[in-house]
Amino acid sequence: MNFTRWSARLPGTQRRAAARSDHSSVPAARGEYALHPDQEAEGGAEVSGVPALDELSVREVLGQLPALVALVYGPEHRIAYLNDAYTGTFGPRPVGAAACDVMPELDELGLFPLMDQVLRSGTPRTVKSRRVQAKPGAGSYTVTCTPIKNLQEDGGVLVFAADVSDHAEAAERLRASERRLRQTAVTLQRSLLPQELEQPDDLRIAATYQPGGTDAAVGGDWYDVITLGAGRTALVIGDVMGRGVRAAAVMGQLRTAVRAYARLDLPPHEVLQLLDGLASEIDASQIATCVYAVHDPNEGRLVYASAGHLPMLVRDEDGSVRRAPDPTGPPLGTGGWQHTSESIALPPGSQAVLYTDGLVERRGEDIDEGVAALERALSGAGGAPQVVCDRLIRALGVTADHDDDVAVLVVQHPSRTGPAAELFHNAALDLLGGVEAAPRARAFASGVLASWRFPVELHDLGVLATSELVANSLQHGTPPMRLRLRRTDRRLIIEVTDGDDHLPRRRRADPVDEAGRGISIIATIATSWGSRRTPGGGKAVWCEFALP
């Protein structure tokens with residue numbers, strides 16, 4: 001049997017035609033290394049003695065190949081030839097037997113449908129790194145099936161299998177290493193995210209984080225909810241550009257810094273200004289986007305600053321969706337920019353959605369189309385905050401195989417009626433005049449606390465705290481001054497504002513001092529206390545009492 005005509009189709013080989021003499025009946029093939037008899041090789045030596053391909057024994061060549069070679073013919077793929085490497089690996093097989101009966105390894109490699117296709121189409125096909133589990137011959141093989149048209153009447157197929165077990169094992173070790181690295185990043189990121197969200201009195205909040213699929217490296221998405229005191233709440237969401245453990249580590253540092261800066265009770269744009277400088281110090285090559293928003297129940301608004309982040313969405317009670325204005329500054333880490341704060345109304349019955357780009361960004365699509373799709377999904381998304389999170393994730397087509405991290409934070413300002421509304425009250429008094437405002441403030445607080453039916457002990461502590469806060473403001477502050485009392489289902493909040501921006505601090509008063517004990521008294525009797533500067537100039541000093 002002459003295999004010369006198809007021997008050049010062996011995978012990984014290139015046909016080489018030998019130089020022909022003047023009387024050779026077969027001319028040299030184009031592009032091969034044969035020289036014309038009249039030409040001389042480099043160095044002046046004339047080429048001679050190169051054997052012709054027809055002089056080689058194909059059976060001998062195939063028998064010496066380290067790869068596994070099998071030649072089958074006909075629609076039943078009967079065995080015509082097996083080389084020594086094949087029989088040494090899988091054992092001898094009877095010539096003429098059907099491969100499906102005596103070559104189970106081909107079935108395990110899934111080659112029979114491929115061989116049928118090659119026989120019908122006359123086109124070679126290759127499958128890479130198929131694994132054989134059973135002994136003997138266990139390992140991974142890359143197999144090429146080549147059609148042989150002049151073999152018997154129905155033609156045949158040459159099966160050429162290269163053992164790639166070492167490469168497959170190395171690839172599997174690499175994949176296992178990547179899985180461990182990814183799992184480390186996922187574990188690190190999840191540990192850096194809040195394990196349980198703080199739930200303010202006036203808001204209902206839920207969040208969802210979903211890492212990218214197994215083929216996507218973990219990113220730096222994060223979110224947080226921080227109670228600031230006096231009923232105010234900070235909401236944060238951000239995204240560190242980049243992938244892997246490094247992005248997750250930078251995210252953790254930024255989140256920790258946000259919580260620290262939030263304790264200073266600064267305006268949102270000042271918090272982002274501090275974060276911007278910190279991001280440059282952590283890693284100048286890492287850029288992050290972030291939204292920092294503060295909800296004040298007395299104002300019914302979200303005051304926020306955005307560093308290059310996607311716009312917040314607010315859904316009103318009637319289902320209409322509003323988009324917050326464009327970002328108020330560039331991403332964190334760029335430096336040299338003064339951030340500003342904006343605000344958007346969040347009335348009772350509405351909800352706000354903060355999210356990262358993984359939710360709305362798709363390859364080949366403008367990101368505005370994704371935000372518009374999110375608006376449509378949000379307009380019909382009702383229910384509890386966690387239900388809304390899940391609905392948005394499903395509506396935007398985010399699955400376990402998604403190619404990017406996704407973080408979603410849903411904030412609802414519930415509309416309370418009936419008995420629930422009776423647990424939330426506000427009362428305020430403008431402090432006019434001089435020292436005579438102090439007894440009016442005590443009388444006002446006593447009457448309000450009595451109407452709210454607080455226990456006697458809590459009533460008396462509230463009146464005492466009101467007296468100390470008002471006295472402190474009258475002595476150290478400037479007009480206008482205002483006393484505000486607020487109760488929720490969990491706490492009593494007392495707050496005094498004035499026009500002076502000097503923040504009080506707790507200090508130890510000497511026995512002979514006539515002042516300096518007010519804040520110490522407040523810190524002793526109240527559950528918590530604090531102070532902050534107000535946007536229009538001035539300050540607010542507050543304290544809280546947990547309800548029994």
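Side chains included, hydrogens not; waters and symmetry mates left out as well; all remaining heavy atoms used. From a predicted model like this one, the values you see are computed outputs, not experimental measurements.
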Which value, rounded to the nearest 0.5 Å, describes the distance between [X] atom [atom1] and [Y] atom [atom2]?
X	Y	atom1	atom2	value
Tyr355	Leu310	OH	CG	5.0 Å
Leu469	Ser473	CG	OG	8.5 Å
Ile494	Leu483	CD1	CG	7.5 Å
Leu354	Leu359	CG	CG	11.5 Å
Leu272	His309	CG	NE2	11.5 Å
Asp296	Thr534	CG	OG1	11.0 Å

Residue of the set Arg482, Arg484, Arg232 for which salt bridge (Lys or Arg N to Asp or Glu O under 4.0 Å) holds with Glu495: Arg484
Verify, without hydrogens or angle tests, whether [X] (side chain) and [Y] (backbone) share a donor-acceptor contact under 3.5 angstrom.
X	Y	answer
Thr524	Ser520	yes
Arg490	Arg487	no
Asp318	Ser320	yes
Tyr304	His269	no
Arg125	Val118	no
Ser341	Val303	no
Arg255	Leu193	no
Glu108	Gln133	yes
Thr478	Asp500	yes
Thr289	Ala307	no

Kindly indicate, with the supporting measurements, whether the criterion side-chain hydrogen bond (donor to acceptor under 3.5 Å, both in side chains) is fulfilled by Thr356 and Asp239. CA-CA 7 Å; Thr356 57; Asp239 184 5; 5.3 Å; no
Could you walk me through whether Gln273 and Tyr261 pass the side-chain hydrogen bond (donor to acceptor under 3.5 Å, both in side chains) check? CA-CA 10 Å; Gln273 207 70 48; Tyr261 296 148; over 6 Å; no
Could you go through the side-chain hydrogen bond (donor to acceptor under 3.5 Å, both in side chains) check for Thr208 and Gln386 one step at a time? CA-CA 8 Å; Thr208 295; Gln386 189 59 56; 3.2 Å; yes
Criterion side-chain contact (heavy atoms from CB on, under 4.5 Å) on Val353 and Leu392, from CA distance to verdict: CA-CA 10 Å; Val353 176; Leu392 295 181; 4.0 Å; yes
Start with the C-alpha distance between Asp316 and Arg322, add both sets of side-chain angles, then the distance that settles side-chain contact (heavy atoms from CB on, under 4.5 Å), and finish with yes or no. CA-CA 8 Å; Asp316 292 321; Arg322 292 175 284 124; 2.8 Å; yes
Quick one: do [X] and [Y] make a salt bridge, cutoff under 4.0 Å?
X	Y	value
Glu375	Arg323	yes
Arg175	Glu178	no
Glu198	Arg259	yes
Asp498	Lys539	yes

Apply the test side-chain contact (heavy atoms from CB on, under 4.5 Å) to residues Leu264 and Glu270: give CA-CA distance (whole Å), side-chain angles for both, the deciding distance (0.1 Å), then the verdict. CA-CA 10 Å; Leu264 301 176; Glu270 293 189 22; over 6 Å; no
Parallel, tilted or perpendicular: which one describes the rings of His413 and His295, with boundaries at 30° and 60°? perpendicular
Indicate every side-chain donor-acceptor pair of residues 541-548 with a distance under 3.5 Å to a residue at least two apart or in another chain.
unit_1	atom_1	unit_2	atom_2	d
Trp542	NE1	Gly530	O	3.4
Glu544	OE1	Arg491	NH1	3.4
Glu544	OE1	Ser528	OG	3.3
Glu544	OE2	Ala230	N	2.7

Is there a side-chain contact between [X] and [Y] in this structure, where contact means two heavy atoms from C-beta onward sitting under 4.5 Å apart?
X	Y	answer
Met115	Leu106	yes
Tyr141	Leu111	no
Pro330	His339	yes
Ile519	Arg505	no
Ile226	Val258	yes
Pro194	Tyr223	yes
Ser415	Glu317	yes
Val69	Tyr86	no

Which atom of [X] lies closest to which atom of [Y], heavy atoms considered:
X	Y	result
Tyr292	Ala262	OH-CB, 3.4 Å
Ile205	Gln199	O-NE2, 2.7 Å
Ala161	Val143	CB-CG2, 3.9 Å
Ala168	Ser140	CB-OG, 3.5 Å
Ala207	Leu409	CB-CD1, 3.7 Å
Ala293	Leu302	CB-CD2, 4.3 Å

Other residues, nucleotides and ligands only: do more than 12 of their heavy atoms fall within 6.0 Å of NE2 on His425? yes
Would Leu396 and Arg362 count as a side-chain contact (heavy atoms from CB on, under 4.5 Å) here? Give the steps. CA-CA 10 Å; Leu396 272 295; Arg362 299 293 182 272; 3.9 Å; yes
